[in-house]
Amino acid sequence: MKQVIWAQTKACFDPLPPLGDSGAGCRTAAGGKHVFQPSFPASSPYVTTVGGTAFQQPFLVGTEVAHYISGGGFSNVFPMPDYQVTAVKRFLSTSPRLPPASYYNSTGRAYPDLAALSDNYWVVTNRIPMPWVSGTSASTPVVGGIIALINDWRLQRGLPALGFLNPALYRLQEGGNSTALYDVTHGCHLSCLDAAVQGQGFCAGPAWDPVTGWGTPNFPQLLRGLLG
């Protein structure tokens with residue numbers, strides 16, 4: 001199956017549809033109650049979904065935290081795939097700051113799978129620089145480029161391209177000794193503006209979480225881990 005990487009993050013302001021870069025999303029369910037709104041195709045189990053991070057000190061390259069717009073959550077359509085069951089159950093059983101259970105489907109496909117910096121890019125259009133561009137539309141191409149480089153290394157060594165990345169990515173990280181991704185453990189993203197959650201969705205934590213996935217790529221180590 002051909003790998004697809006999708007920029008994901010979705011809508012916080014009900015009743016708008018999921019339009020991008022708005023955390024866990026929000027919609028009004030039956031009875032007027034709020035629930036999170038997963039985005040598609042980001043919540044498909046057949047794509048590699050990329051969240052976003054920001055530097056803790058905005059103008060200093062250093063520690064990364066979850067970007068408050070970074071999308072993530074649980075599908076209401078697709079069941080949780082086998083490749084991520086262990087990681088997601090660990091998060092759900094250890095996270096000290098979970099939203100109310102009625103807001104999300106804890107048995108659905110969880111996303112994102114990993115993340116990259118999504119804040120304060122410079123983009124040049126027609127030779128005109130545009131500063132401070134942010135969003136997962138920036139972090140996703142970064143991850144796509146990294147995977148393309150790893151595939152190039154594999155092909156030069158007579159190995160096939162990675163194909164669908166998720167099973168290999170989760171196996172690599174669940175081994176417990178991998179340094180292929182920098183774990184992002186601080187920061188939360190947006191959700192419904194109501195009294196129960198007060199605009200907060202999920203929060204990042206150790207290992208996998210539904211804001212930054214497994215974390216951000218450490219290219220030399222990720223290359224080493226995926227060349228095997």
Side-chain angles (χ1 to χ4, degrees), residues 1-29 35-53 66-85 87-88 91-92 99 103-118 133-148 150-151 161-173 181 184 189-192 201-202 204 208-217 226:
M1 181 176 294
K2 186 175 180 181
Q3 177 189 354
V4 179
I5 296 178
W6 190 263
Q8 57 73 44
T9 47
K10 301 302 151 202
C12 159
F13 302 106
D14 180 67
L16 294 178
L19 297 177
D21 288 352
S22 298
C26 188
R27 68 180 179 86
T28 302
V35 294
F36 295 161
Q37 184 174 6
S39 58
F40 179 83
S43 58
S44 166
Y46 305 112
V47 302
T48 295
T49 310
V50 180
T53 65
H67 199 175
Y68 69 93
I69 65 172
S70 178
F74 297 80
S75 173
N76 292 323
V77 176
F78 300 103
M80 190 179 300
D82 291 342
Y83 62 74
Q84 67 171 184
V85 167
V88 177
F91 169 80
L92 291 173
Y103 277 71
Y104 62 98
N105 170 29
S106 63
T107 64
R109 189 293 206 239
Y111 68 100
D113 303 299
L114 74 170
L117 187 69
S118 61
V133 176
S134 300
T136 50
S137 293
S139 59
T140 299
V142 169
V143 174
I146 288 171
I147 300 305
I150 293 173
N151 276 332
L162 288 168
F164 181 46
L165 178 62
N166 290 2
L169 179 67
Y170 280 76
R171 282 196 303 270
L172 178 66
Q173 291 304 108
L181 295 167
V184 179
H189 64 183
L190 299 170
S191 72
C192 302
F202 297 97
W208 183 92
D209 61 69
V211 188
T212 63
W214 286 106
T216 59
L226 294 177

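Below, all heavy atoms of this structure are taken into account, side chains as well, without hydrogens, waters or symmetry copies. This chain uses plain numbering: 1 for the first residue, then up along the sequence.
The closest side-chain heavy-atom distance from P81 to R109 is below 4.5 Å. L114 places a side-chain heavy atom less than 4.5 Å from the side chain of V50.
Using modelled atom types, no side-chain atom of T136 and backbone atom of G52 make a donor-acceptor pair closer than 3.5 Å. For the pair Q173 (side chain) and W214 (backbone), a donor-acceptor distance under 3.5 Å is absent. Side chain of T49 to main chain of A42: a donor-acceptor pair is present (N/O by atom type, distance under 3.5 Å, no hydrogens or angles). Without hydrogens or angle criteria, N76 side chain to G108 main chain gives no donor-acceptor distance under 3.5 Å. Between the side chain of H189 and the backbone N or O of V211 there is no donor-acceptor pair closer than 3.5 Å. Judged by distance alone, with hydrogens and angles left aside, the side-chain atoms of N105 form a donor-acceptor pair with the main-chain N or O of S75 at under 3.5 Å. Checked by atom type and distance alone, the side chain of S139 pairs as donor or acceptor with a backbone atom of G51 at under 3.5 Å. Of the possible donor and acceptor atoms, none in the side chain of Y111 sits under 3.5 Å from a partner among the backbone N and O of V47.
The two residues V184 and T53 make their nearest non-hydrogen contact at CG2-CG2, 4.0 Å. Pairing each heavy atom of W208 with each of A110, the nearest pair is CH2-CB, 3.4 Å.
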Going through the distances and angles, do F36 and F74 end up as a side chain to side chain contact (heavy atoms under 4.5 Å, CB included)?
-> CA-CA 9 Å; F36 295 161; F74 297 80; over 6 Å; no

In sequence, state the C-alpha distance, the side-chain angles, and the governing distance for Y103 and C192, and then conclude on side chain to side chain contact (heavy atoms under 4.5 Å, CB included).
-> CA-CA 9 Å; Y103 277 71; C192 302; 4.2 Å; yes

Stepwise, does the side chain to side chain contact (heavy atoms under 4.5 Å, CB included) test hold for T216 with V142?
-> CA-CA 10 Å; T216 59; V142 169; over 6 Å; no

L181 and L172: CA distance, side-chain angles, deciding distance, side chain to side chain contact (heavy atoms under 4.5 Å, CB included) verdict | CA-CA 10 Å; L181 295 167; L172 178 66; over 6 Å; no

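More than 12 heavy atoms of other residues, nucleotides or ligands shown are found within 6.0 angstrom of CZ on F91.
Classified by interplanar angle (parallel below 30°, tilted 30° to 60°, perpendicular above 60°), the ring pair F202/Y104 is perpendicular.
Within the model, atoms CG of L226 and CD1 of I146 stand 11.0 Å from one another, a figure rounded to the nearest 0.5 Å.
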